[in-house]
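Remarks on the structure that follows.
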Amino acid sequence: MNKTPLYELKDIKHTYNRFMLRIPELIIERGDSIGLAGPNGSGKSTLMRLLALLEEPAHGSVAFHPSGERKTSVTMLQQDPYLLKRSVYDNVSYGLKIRKDRRSLRERVAESLDLVNLDPAKFMHRSWYELSGGEAQRVALASRIILKPDALLLDEPVANVDTESSYAISEAVKKMREMHSTTLIISSHDISWLNNITDKVLKLHNGRITGAGNINILPGPWIKGEKGLWQYTLPEGYSVYATEPPEPDSIGILHPHEIIISDRKVKNISAVNKVPATVKLMVKEEKTGSIRVEADASGRIINIEITEESAKKMQIIPGKKIFLIFKATSVIWH
Amino acid sequence: MEYLAQGFISAFKLLISGDEQTYSAVFTTVKASSLSICISLIIGLPLGFILGYYDFPCKKQIRAVVDTLLALPTVVVGLLVYAFVTKKGPLGDYNLLFEISGIVAGQVILILPIVVSLSATAIESLDERLKNTLITLGATGNKIILSSLFEARFAIMAAAVNAYSRAIAEVGVSMMIGGNIKWHTRTITTAIALETGKGQFAMGIALGIVLLCIGFFVNWVLIFFRKRA
């Protein structure tokens, strides 16, 4: 795979709603598969719009180095896609028709529909209003896949679809990448899904990329407490302790592997943080083989990574009460 | 009431027998209003698109003026156009007075605001996601405009039907500019006014039936296309 930059973002400052997206530097290489995760309002969609060239940044630059024509080499599937008020065939072939590329159009439309697991014979002549939400999402994806873009951007592609459509979308995107080395940039709330489909997940918070992977974000504000430690109060009142932050509103990063799970409150250990939590979700990460545990710690979801053995040994199951143990120095600053 | 019933019977006889005077008025009406709607759509659709799609200074004020012109009385249009096309007027040399072309000019002024206003509303009502969808599929410039108009096709067809209905039903412009000249500029509406004045209810009713039939046919075409789509 030819690893040359497809996107180079420099010194981006772009206002959206009441927030500002700030990205000092971001390079996305050709053929990369990048996930964007973060809560609502974190800037995922704004970053997607900049990468889709739908908007120019207010400050800084988005350099895009496509293999073909700039505007036609990137395409984005919006969270709630809009289908043109035409047949499925007309929707899927629209992008090619406006490029005046009518070679074997019917066959190519059929191939794209096949790729998203929609039977061409059954769906090709259906009207836009004869499709379910998941089918409409897949038709919208087929309309992008047929263009074979350098960059395919998907904004929350499986947020509002059924399991069958979610699986079909995942498979189509994977095949698309395999077949055409397409650069994928996908935003989603579903970290497990992102981990499964992308090579790297960037976490956004308040318009900043705070890190990669399953990191936990502790957004502050941080208040000076006892023994030179600073404390952040979780939504339901429990406090987390850390070393002195650069600013009181600095974002604290807590890596999942820095957290130890205990099924009882442990005394006589140096770690100051012993946060009670409830296991909400357990997912086996296909790439690493580890178990990602999502736990509700006083109103905030914290990711922890444990081995399958540990999970079995401690009989970790959803609903189990546990303690999250980590040192104040485990919280690092963004 | 007997004369009304008699009028209806005579009207059907006139229509079935292919009365030349009746059909002359029908053809004049269809010709003038069809030309008017074609010209209005050619001018009005781009203007409506601009008004509905783009933001520019004084847009609200322009919109208010266009919307006000929807209620333009036909006789006022007739009067204005007459002032321009009469021999003494600035367009007197073009010999538009008492000609179908003069009626067409008046009807265009009458129905253009309908086309502009309703097509602007149709464009404004388009889904906000459409523009981004078109751009992300690679559309630019004219392709965005044409695709947006196509997406709004049902509302635009409704605007066209509305405007056409106003053109075929108006009497002020046809009477004042056309002059109601038999075999030449006599339209259905001017003929109804004349025949009713003369007490010739049969022809008035016959023409009224034709007018309603045209209106029904135009609306049926719109419904047909909607259902087909």
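Chain naming here is simple, since letters A, B, ... match the order of the sequence lines and numbering starts at 1 in each.
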Out of curiosity, [X] [atom1] to [Y] [atom2], how far, rounded to the nearest 0.5 Å?
{"X": "A/R144", "Y": "B/L137", "atom1": "CZ", "atom2": "CG", "result": "4.5 Å"}
{"X": "A/K85", "Y": "B/F150", "atom1": "NZ", "atom2": "CZ", "result": "11.0 Å"}
{"X": "A/I98", "Y": "B/L146", "atom1": "CD1", "atom2": "CG", "result": "11.0 Å"}
{"X": "A/L53", "Y": "B/I135", "atom1": "CG", "atom2": "CD1", "result": "10.5 Å"}
{"X": "A/Y82", "Y": "B/L130", "atom1": "OH", "atom2": "CG", "result": "5.0 Å"}

Counting only heavy atoms not in [X], do more than 12 fall under 6.0 Å of its [atom1]?
{"X": "B/F84", "atom1": "CZ", "answer": "no"}
{"X": "A/K10", "atom1": "NZ", "answer": "no"}
{"X": "B/K131", "atom1": "NZ", "answer": "no"}
{"X": "B/Y94", "atom1": "OH", "answer": "no"}
{"X": "A/K97", "atom1": "NZ", "answer": "yes"}
{"X": "A/E107", "atom1": "CD", "answer": "yes"}
{"X": "B/F56", "atom1": "CZ", "answer": "yes"}

Full working for side-chain contact (heavy atoms from CB on, under 4.5 Å) between A/L84 and B/S147: CA-CA 9 Å; A/L84 302 174; B/S147 297; 5.8 Å; no
Heavy-atom pair of closest approach, residues A/Q78 and B/R129: NE2-O, 3.7 Å
Closest approach of B/K143 and A/K100, non-hydrogen atoms and distance? NZ-NZ, 3.9 Å
With side-chain contact (heavy atoms from CB on, under 4.5 Å) as the criterion, how do B/T136 and A/L153 come out once you've worked through the C-alpha distance, each side chain's angles and the decisive distance to 0.1 Å? CA-CA 10 Å; B/T136 56; A/L153 282 65; over 6 Å; no
Are the side chains of B/N132 and A/R49 in touch, meaning some heavy atoms are under 4.5 Å apart? yes
